[in-house]
Amino acid sequence: MTPKTIETRFPHANIESKWQKKWQESNLYKVDDNDPRPKWYELTMYPYPSGDLHVGHWYAMTGADIHARFKTMQGYNVLHPMGFDAFGLNAENAAIERGIHPHSWTMDNIKRMRDQLASMGPMYDWDREVVTCVPEYYKWNQWFFLQFYKKGLAYRDYAPVNWCPSCATVLANEQVIDGTCERCDTTVTHRDMNQWFFRITEYAEELLDQSKMDWPERINTMQTNWIGKSDGVEFKFDISEHNLDTDELITFTTRIDTVYGVTFVVLAPEHPLVSLLTTPDQKAAVGDYINNARKASEVERLAIDREKTGVFLGSYCVNPLTGDRIPILIGDYVLNTYGTGIVMGVPAHDERDFIFAKKYDLPIKVVVAPKDWNGEELDAAYIDVGTQVNSSQFDGFSSTEGKKLIADHIETNKLGTKTINYRMRDWLISRQRYWGTPIPMVYCDDCGIVPVKEEDLPVLLPEDAEFLPTGESPLAVHDKFVNTTCPDCAKPSKRETDTMDTFVDSSWYFLRYASPKYSESAFEEKSAELWNPVDQYTGGVEHAVMHLLYSRFFVKATRDLGLIKYDEPFKRLFNQGTIIYKGAKMSKSRGNVIAPDDYVDIVGADTVRTYLMFIGPWEQGGEWNDSGINGAARWLNKVWDISNLDLNTFALASNPDTERDLNRLLHKTIMRVGEDIEKFKYNTAISTLMQFTNALSEDKIFEKIDIDQWLHLTRSLYVMMAPITPHLSEELWEKSGMKSSVHTQKWPKYDENMAKDDKITLVVQVNGKVRAKISASANLTESDANEIAMEDSGVQKHTEGLEIRKIIYVPGKLLNIVAN
RNA sequence: GCCGAAGUGGCGGAAUGGUAGACGCGGCGGUCUCAAAAACCGUUGAGGUAACACUCGUGCGAGUUCGACUCUCGCCUUCGGCACCA
């Protein structure tokens, strides 16, 4: 479909190619570590090289580029780098489907996208580009892995893991969305496998501390929820009567105040004690139940409205606080992966337990009394605070106090311990795929798991892998890769054939931009120290608990390795919204993708940049609308037209009134546009610039002002437009006789007094309703205001016959007459 | 269910205690043109009027205030996050 838009009156194609070439030749965007100006690190999330730069990329990257350019104009030495998140499954799928090697597929795409990115006219210093799939980069993934391994932050475990059958690989918990794969929406299944993990849970508590970063509240909340801290008690029930290896059934609860109300205990069906605690006559029933639970998909099992089911094991435990014998059951609403995998059932004070008890006819014992409770049966679980009853020596205390006192009592008597549980799991980084960083580990029959020696890094991905649609990792069947010698004893041994999650790559790429070519270590210390942490990070909200959480973990771990000194990677974070088209997020499968290149051909990059930023608040995203782009094109046409006015026709001296009015407007514009850009409110910044342009487009303006003022006004306009429309601004700046680049200009200063109005419209209200608008001097006193208001016939009409009780005057703005 | 954000003309949005609808899109009328496009000028929330006046109007209902899109309380709707986490 060919886009229909109006045409630009300026030769956008010539202007853009001219300046892109000149900027490159003059090294305008080269970033120098030794520049004396204060540093500013403006980072936007690097793209996956899918092959085409779409409108979503333009939206994200234009907004970041504007802010970076603005910071430069404010006097900072700005690093605003770009790179490619180049490992990933798409490349491998292309290899399987079309026989193209992932390496060439990726590199071709990068080449194409680099050109498309350049067409936006951004201020990237391409010498700093980072591409994650080259050995010079992924070597350092492996190096980080070895450091983490030494520190005990990387470990291998046999564990049930999320498996995506379509991607034929395991996934981290963060990559499972509602029981489906984050990439391909396939329902995730479970497998028990030996896998590599990063111990992110070690940092759970520190990750909850958000005081050292200025991030949107909703991202902070999402991370806090994801980490899911809960304070509670591990309480032990006595099973010594069963004569097992252990005498204890350990439960985790956040409601220890209800422990006197326990009437049953439920284990997760997968719990190892289940078979040991099942009596012979219950074996068949329990076996059936476990089989059914296993068959249920993850999605089914997690459905909230699913009926709570369970089965009695036939055996009992003892509540050591009461001596009560309590039946032991299994139920699939208990998760083996959270807490201890065993839950104490308190039906009186937990909704799930209540339903469960009703269903299986288990006793319900009230131990926290609601207000005015007289011992009657409850018709629903009472989960609020109340008064302890049936709780031995704790009767009469509030349940809030009960919680503390009972926990202390339990610890003193060694019946359990206060514990904190987190919902977040360790980060599973193994992937059974080819196109990623090989995990640098070797399995030796004699020495066990042996890390590859640092001096032998990188472990290179073999180029001659075979890509077959079998779902098997090409590395696992690549004999030359698999067979190696043990780094310790030199005997024949096998390499780890899993590769790393690509989120490992993006967890430290911001450190690499400081010294992207440095070959001695992951980053050159002084450069990394100079630029990091990132001052302003921008990107989509979808990475809230993946990339953003992993990066925080990486920085903290790297800090604890003694390599960096700060605690957080990104000081400030801003999430831009999403551009939609025809009511939905653009995607190839929906066929609603807007190709920015088509529009760049017709109206130019500056127009596309302007339009995208004008749609609405950057934070909100919005709907792409073909006719909307005409507004942007018309504005730039108008700017072009005023730049073409014949300077010889301008007046010899400015008309004092016009001069003052335009000067006032200029100062207002500088103030507003600067404030808006700082806060990413690009839509209102552009609207203010449009208003300024409209004022300069006034008919026969050349009769009212002189050349000097005209040049001052228009040059100021070009400077303020420069972050948004870098090419056209540069062209017009040059055309107006300036030699240096508009992009090296300082952001103009404004004078608050110059921006002040001298004439105002006094709004006169009677009982809050506007009855007159009177033009008046800005420094009008209250009595003056009163006087002119009372002279107004409209005001008189509405106050006639009424008694004036009160007059409220807002200086320079409004007068409200209260009368009845 | 819990947490969060949002609801304003035909449309995107502006205004966060003081003129609701800036700026732009679209529409309508006009100028120019053989004609169209582009451009320019005018107009554009609803009702009402010959025109003014006036009345109504920011999801709904209350409240605070001289004055509420804006603050408070209670609902409704939409979107996002979490969700059997003990």
Side-chain angles (χ1 to χ4, degrees), chain A residues 6-7 9 177-178 216-226 228-230 232 251-255 258 266 268 301-308 331-335 337-346 349-353 355-356 421-424 541-542 544-545 578 610-611 614-617 619-620 622-635 637-638 641 681 683-694 697 699 760-773 794 797-798 805-820:
Chain A
I6 61 166
E7 284 172 16
R9 290 196 288 278
I177 313 291
D178 290 332
E217 201 45 51
R218 88 184 140 142
I219 301 287
N220 288 346
T221 307
M222 283 165 76
Q223 294 208 343
T224 304
N225 288 344
W226 186 260
K229 177 178 180 173
S230 46
T251 61
F252 175 75
T253 181
T254 55
R255 289 296 307 274
T258 66
V266 190
R301 212 176 140 178
L302 286 174
I304 178 92
D305 44 5
R306 185 155 179 261
E307 201 184 359
K308 278 149 199 59
D332 67 2
Y333 74 94
V334 178
L335 305 174
T337 47
Y338 184 76
T340 62
I342 310 175
V343 169
M344 59 182 217
V346 188
H349 306 296
D350 182 282
E351 281 174 42
R352 290 153 306 177
D353 295 345
I355 298 165
F356 196 76
N421 250 304
Y422 299 94
R423 201 167 54 223
M424 179 173 67
V541 73
E542 66 275 12
V545 293
T578 312
T610 302
Y611 170 58
F614 188 63
I615 288 176
E619 202 169 3
Q620 259 176 46
E623 172 112 24
W624 175 278
N625 183 333
D626 259 7
S627 64
I629 202 165
N630 288 341
R634 282 196 192 111
W635 174 45
N637 277 340
K638 216 178 235 186
D641 288 346
K681 290 169 75 179
N683 58 328
T684 48
I686 292 168
S687 116
T688 303
L689 288 168
M690 284 175 169
Q691 289 175 64
F692 187 58
T693 308
N694 290 343
S697 309
D699 200 26
I760 54 119
T761 305
L762 180 73
V763 175
V764 184
Q765 299 182 329
V766 178
N767 290 329
K769 292 199 170 171
V770 180
R771 297 302 178 186
K773 294 174 187 179
K797 200 173 108 191
H798 285 94
R805 299 175 56 103
K806 199 171 163 187
I807 293 176
I808 284 137
Y809 180 58
V810 183
K813 266 185 184 165
L814 173 139
L815 190 82
N816 189 10
I817 301 163
V818 186
N820 62 5

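As the structure is a prediction and not an experimental result, all values here were calculated from the model. Reminder, nothing fancy here: chain letters follow the sequence lines and each chain counts from 1.
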(message) List the residues meeting side-chain contact (heavy atoms from CB on, under 4.5 Å) with A:Ile686, not counting sequence neighbours, and say none if there are none.
(response) A:Thr610, A:Met613, A:Phe614, A:Trp635, A:Met690, A:Ile724
(request) For B:U64 versus B:U55, give the span between their P atoms, rounded off to a whole number of Å. (result) 23 Å
(request) Please name all residues satisfying side-chain contact (heavy atoms from CB on, under 4.5 Å) with A:Lys769, sequence neighbours left out, ordered by chain then number. (result) A:Arg771
(request) Using ring-ring contact (aromatic ring centres under 6.0 Å, His included) as the criterion, list what pairs up with A:Tyr338, not counting sequence neighbours. (result) none
(request) With a 3.5 angstrom cut-off on both distances, give the Watson-Crick or G-U wobble partner of B:U72, or none if there isn't one. (result) B:A62
(message) Let's test this: given Watson-Crick or G-U wobble pairing with both distances under 3.5 Å, identify the partner of B:C84.
(response) none
(request) Please check the phosphate of B:C82 (OP1 and OP2 only) for any side-chain N or O of A:Arg423 closer than 4.0 Å. (result) no
(request) Could you please name the partner base of B:U77, counting Watson-Crick and G-U wobble pairs only when both distances are under 3.5 Å? (result) B:A6
(request) Return the value, rounded to whole Å, for the distance between atom CH2 of A:Trp624 and atom C1' of B:C11. (result) 17 Å
(request) Would you kindly check whether a donor in the side chain of A:Lys308 faces an acceptor in the base of B:C84, or vice versa, at under 3.5 angstrom? (result) yes
(message) Work out how far the P atom of B:U70 is from that of B:U65, and round it to whole angstrom.
(response) 16 Å
(message) Are the side chains of A:Arg255 and A:Asp350 in contact, using a 4.5 Å heavy-atom criterion?
(response) no
(message) Can you check the distance between B:C75 and B:G21, where both ends of the measurement are the P atom (answer in whole Å)?
(response) 33 Å
(request) Please state the P separation for the pair B:G67 and B:U19 - nearest whole angstrom. (result) 15 Å
(message) Classify A:Val343 by what it touches in the nucleic acid, base, sugar-phosphate, or nothing, heavy-atom distance under 4.0 Å.
(response) base
(message) Using whole Å, what does the distance between atom P of nucleotide B:C84 and atom CG of A:Asn421 come to?
(response) 15 Å
(message) Under the rule for side-chain contact (heavy atoms from CB on, under 4.5 Å), what residues qualify as partners of A:Lys773, not counting sequence neighbours?
(response) A:Thr761, A:Val770
(request) Please give the nucleotide sitting opposite B:G42 as a Watson-Crick or G-U wobble pair, both distances under 3.5 Å, or none. (result) B:C28
(message) Quick check: on RNA chain B, is the nucleotide nearest A:Arg352 upstream (toward 5') of the one nearest A:Gly622, or the reverse? Name the residue that is more 5'.
(response) A:Gly622
(request) Quick one: list whatever passes side-chain contact (heavy atoms from CB on, under 4.5 Å) with A:Pro216, sequence neighbours left out. (result) A:Ile219, A:Leu573, A:Asn575
(request) Hunt down the Watson-Crick or G-U wobble partner of B:A51, both distances under 3.5 Å, from any strand shown, or write none. (result) none
(request) Calculate the interatomic distance between A:Tyr333 atom OH and B:G1 atom P; express it in whole Å. (result) 21 Å
Tabulate atom names and distances for all N/O pairs under 3.5 angstrom spanning the protein and nucleotides 15-26 of chain B.
| unit_1 | atom_1 | unit_2 | atom_2 | d |
| --- | --- | --- | --- | --- |
| B:G18 | N2 | A:Gln765 | OE1 | 3.4 |
| B:U19 | O2 | A:Lys773 | NZ | 2.8 |
| B:G24 | OP1 | A:Asn694 | ND2 | 3.2 |
| B:C25 | OP1 | A:Arg634 | NH1 | 2.3 |
| B:C25 | O3' | A:Ser627 | O | 3.4 |
| B:C25 | O2' | A:Ser627 | OG | 2.9 |
| B:G26 | OP2 | A:Arg634 | NH1 | 3.3 |

(request) Rounded to the nearest angstrom, tell me the gap between atom CZ in A:Arg9 and atom P in B:A39. (result) 6 Å
(message) For B:U19, give the paired nucleotide (Watson-Crick: N1-N3 plus N6-O4 or O6-N4; G-U: N1-O2 and O6-N3; both under 3.5 Å), or none.
(response) none
(message) Quick one: does any side-chain atom of A:Tyr611 pair with a main-chain N or O of A:Ala633 as donor and acceptor, under 3.5 Å?
(response) no
(request) Could you state the atom-to-atom distance from CZ of A:Phe356 to C1' of B:C84 in whole Å? (result) 12 Å
(message) Minimum heavy-atom separation for A:Leu762 and A:Leu814, please, with both atom names.
(response) CD1-N, 3.9 Å
(request) Round to the nearest Å and state the distance from A:Glu623 atom CD to B:G10 atom P. (result) 18 Å
(message) Can you check the distance between B:C40 and B:U33, where both ends of the measurement are the C1' atom (answer in whole Å)?
(response) 14 Å
(message) I need the A:Asn816 CG to A:Ile807 CD1 distance, nearest 0.5 Å.
(response) 9.5 Å
(message) Would you measure the distance from the C1' atom in B:A46 across to the matching atom in B:G30 and give it in whole Å?
(response) 26 Å
(message) Using OP1 and OP2 only, check whether a side-chain N or O of A:Ser230 sits under 4.0 Å from B:A86.
(response) yes
(message) Just by distance, no angles: are the side chains of A:Asn694 and A:Lys638 close enough, under 3.5 Å, to form a donor-acceptor pair?
(response) yes
(request) Pick base, sugar-phosphate or nothing for A:His349, based on heavy-atom distances below 4.0 Å to the nucleic acid. (result) nothing
(request) Could you work out the separation of B:C23 and B:U8 based on their C1' atoms and round it to a whole Å? (result) 16 Å
(message) Output the rounded distance in Å from CD (A:Glu217) to C1' (B:G80).
(response) 15 Å
(message) Measuring to OP1 and OP2 of B:A53, would you say a side-chain N or O of A:Lys769 lies under 4.0 angstrom away?
(response) no
(request) Starting at atom CD of A:Glu7, determine the distance to atom C1' of B:A38, rounded to an integer number of angstrom. (result) 9 Å
(message) If I pick the C1' atom on B:A22 and the same atom on B:U44, what distance separates them, to the nearest angstrom?
(response) 15 Å
(message) Taking any heavy-atom pair under 4.0 Å as a contact, classify A:Gln620: base, sugar-phosphate, or nothing.
(response) sugar-phosphate
(request) If the glycosidic angle is within 90 degrees of 0 it's syn, otherwise anti, so just tell me which one B:G9 is. (result) syn
(message) Need to verify one output field. Residue with the more 5' nearest nucleotide on RNA chain B, A:Gly341 or A:Met222?
(response) A:Met222
